[in-house]
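Beneath this line is the structure, given in structure tokens, with notes to follow.
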Amino acid sequence: MTDSENKKILLSGIQPSGTLHVGNYFGAMRRFVELQEEFESLIFIANYHALTSVSDSDMLIKNTQDAILDHLAIGLKPETLFLQSDIPEVTELAWIFNTLITVPYLSRAVAYKEKVDKGLEATVGLFDYPVLMAADILIMDADIVPVGQDQKQHVEIARDIAEKFNNRYGELFNIPKAHILREVSTVPGIDGQKMSKSYGNTIPLFSTDEDIKKLVMSIITDSKGESETKDPETDTVFALHRLFSEEQLSELKIRYEKGQIGYKESKEILVENIKTFIAPLRDKRENIAKDKDNILDVIKVGRERAQERARAKMKKVREAVGIML
Ligand code: TYM
């Protein structure tokens, strides 16, 4: 038995629906890198999912290439990466799952409702998003799925679908588990809501120093003056300090609680810490980007590995449900 056969399988995906941000990084991407040796890792760019919100084809291609570069720049091994669209079996499996679950069941998905409330068109694809995600996860026999809190329900839907399939057709699918770190489960954006590509409130992961300053200085806070006591638990600037200012955190907490720091100074400290954090990532990304034309070659091994797994699994699924090719 080879080493990789002993390891549990980690799978996760990111939509190329905009510029990746520090919420994506702390909520999910960082763990892909931290766990890539311990698990057999499969990380993909979910470009079919992104079609539910991106309708400009050039933009989708650019975002997809950028997302690959971003993952390489944070230290993910290229052989773990692939594109969702390189695995057509995933959309095939999603169709089979569509015949298993009901409209009332899927209507309970909160992400769908939130996106429609935010103005996204209520397409069938958007409604069916969790089913495609279940296919991504189950086709690879994933054991753990590192994601942010907003994706917890989607992983639960994948578990339900696996159980339903197994009950009907026999035990074919592994039941996956979401892997969510409480401290970073929901990173706030500069307006205090969840940081999200679609809310226009992000700090991009590879921002320029200038943008970091502009974005951080515009974080919305309450109107307390410098000498008033402040609540670190509810302040967005402090929430971001938790990610970037680890060494100063206890001192900052005391200064907040004792009314010894104004929001302006707190933001200035945060700007410096984010700059220090992002600079080396940005440099690495710039170096990798020089070879941008070959970016799809770089992930060739990841693609082939994922295709092999998916093809073998789909063969079993077709047999189980009675589809002949
Ligand atoms: P996406 O691109 O919306 O988000 C990618 C990952 O980033 C996490 N995330 C956050 N975590 C903490 N705080 C935030 N503010 C924040 N914003 C985003 C998300 O939870 C996610 O882990 N549907 C997935 C993509 C996907 C997928 C999959 C994931 C498609 N198929 C299969 C896992 C397994 C998504 O939300 O992408």
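All ligand and atom numbering here is 1-based and tracks the order in the structure.
- Of all atoms in ligand 1, listed by their number and element, those nearer than 4.0 Å to a heavy atom of Gly27 are 11 (N), 12 (C).
- Listed by atom number, the atoms of ligand 1 under 4.0 Å from Thr186 heavy atoms are 12 (C), 13 (N).
- Residue Ala28 has at least one heavy-atom neighbour below 4.0 Å for each of these atoms of ligand 1: 6 (C), 7 (O), 22 (O).
- Ranking protein heavy atoms by distance to atom 28 (C) of ligand 1, first place goes to Met133 CG, 3.4 Å.
- Contacts of Gln15 with ligand 1, taken as heavy-atom pairs under 4.0 Å, involve both backbone and side chain.
- Closest to atom 25 (C) of ligand 1 among all protein heavy atoms lies Gly13 O, 3.4 Å.
- Under 4.0 Å from ligand 1, not a single heavy atom of Gln84 appears.
- With respect to the salt-bridge test (charged N to carboxylate O, under 4.0 angstrom), the residues Arg255 and Glu265 qualify.
- Relative to atom 11 (N) of ligand 1, the option among Gly23, Ala111, Ser53 with the closest non-hydrogen atom is Gly23.
- For a threshold of 3.5 Å applied to N or O pairs, the pair formed by Lys197 and ligand 1 contains at least one separation below that value.
- Proximity of Asp136 to ligand 1, defined as any heavy-atom pair under 4.0 Å, is confined to the side chain (atoms from C-beta onward).
- Under a hydrophobic-cluster definition in which Ile, Leu, Val, Met, Phe, Trp and Tyr are linked whenever side-chain heavy atoms come within less than 4.5 Å, directly or via other members, Phe26 and Leu205 are assigned to the same cluster.
- The residue Val155 has no part lying near ligand 1, judged by heavy-atom distances below 4.0 Å.
- For ligand 1 and Tyr129, the ligand atoms under 4.0 Å from any heavy atom of the residue are 23 (N), 24 (C), 25 (C), 35 (C), 36 (O).
- Relative ring orientation between Tyr169 and Phe165 is described as tilted, the plane-to-plane angle lying within the 30° to 60° band.
- An N or O contact shorter than 3.5 Å links Asn24 to ligand 1 by distance.
- At a 4.0 Å heavy-atom cut-off, ligand 1 touches Leu11 through the side chain alone.
- Between Asp211 and Lys275 there is no salt bridge, since no side-chain N of the basic residue sits under 4.0 Å from a carboxylate O of the acidic one.
- Met195 O, 3.4 Å is the protein heavy atom nearest to atom 17 (N) of ligand 1.
- Ligand 1 is never approached by Met29 to a heavy-atom distance shorter than 4.0 Å.
- Using a 4.5 Å heavy-atom cutoff, the side chains of Leu132 and Gln84 are in contact.
- Tyr25 has its ring centre less than 6.0 Å from the ring centre of Phe277.
- If you number the atoms of ligand 1 from 1 as listed, the ones under 4.0 Å from a heavy atom of Val145 come out as 33 (C), 34 (C).
- With salt bridges taken as basic N to acidic carboxylate O contacts below 4.0 Å, one links Glu319 and Lys315.
- Asp143 contributes a side-chain N or O that, together with a main-chain N or O of Ile9, makes up a donor-acceptor pair within less than 3.5 Å.
- Geometric assessment of Lys300 against the ring of Phe82 yields a negative cation-pi assignment under the 6.0 Å and 45° thresholds.
- Close contacts of ligand 1 with Ile14, meaning ligand atoms under 4.0 Å from a residue heavy atom, involve 2 (O), 5 (C).
- Inclusion of Pro146 in the set of residues having an N or O under 3.5 Å from an N or O of ligand 1 is not warranted.
- Protein heavy atom at the shortest distance from atom 19 (C) of ligand 1 is Asp150 OD1, 3.4 Å.
- Here the options are Asp136, Ile137, Leu138, the test is side chain to side chain contact (heavy atoms under 4.5 Å, CB included), and the partner is Val90; only Asp136 passes.
- Remark: Asp66 engages Lys62 in a salt bridge, criterion side-chain N to carboxylate O under 4.0 Å.
- For atom 12 (C) of ligand 1, the closest non-hydrogen atom of the protein is Ser185 O, 3.3 Å.
- For Arg159 and Glu156, the salt-bridge test fails: no basic side-chain N is under 4.0 Å from an acidic carboxylate O.
- The closest donor-acceptor contact from the side chain of Asp128 to the backbone of Val131 lies at 3.5 Å or more, if one exists at all.
- Within the listing of ligand 1, atoms 12 (C) sit less than 4.0 angstrom from a heavy atom of Val184.
- Of all atoms in ligand 1, listed by their number and element, those nearer than 4.0 Å to a heavy atom of His21 are 17 (N).
- When heavy-atom distances to ligand 1 are checked against a 4.0 Å cut-off, Ser17 has no atom that comes that close, whether in backbone or side chain.
- Ionic pairing of Asp297 and Arg303 is not present here: no N-O contact between side-chain nitrogen and carboxylate oxygen is shorter than 4.0 angstrom.
- Note on ligand 1: Phe44 sits in its first shell, one or more heavy atoms being nearer than 4.0 Å.
- Contacts with ligand 1 closer than 4.0 Å are made by heavy atoms of both the backbone and the side chain of Val187.
- Electrostatic pairing of Lys194 and Asp150 counts as a salt bridge here, judged by a charged N lying under 4.0 Å from a carboxylate O.
- With salt bridges taken as basic N to acidic carboxylate O contacts below 4.0 Å, none links Lys213 and Glu268.
- For a threshold of 3.5 Å applied to N or O pairs, the pair formed by Ser12 and ligand 1 contains no separation below that value.
- For Gln151, a nitrogen or oxygen atom sits less than 3.5 Å from a nitrogen or oxygen atom of ligand 1, counting backbone and side chain alike.
- Between Tyr48 and Tyr129, the distance separating the two ring centers is not shorter than 6.0 angstrom.
- Within the structure, the closest approach of Ala142 to ligand 1 does not fall below 4.0 Å when heavy atoms are considered.
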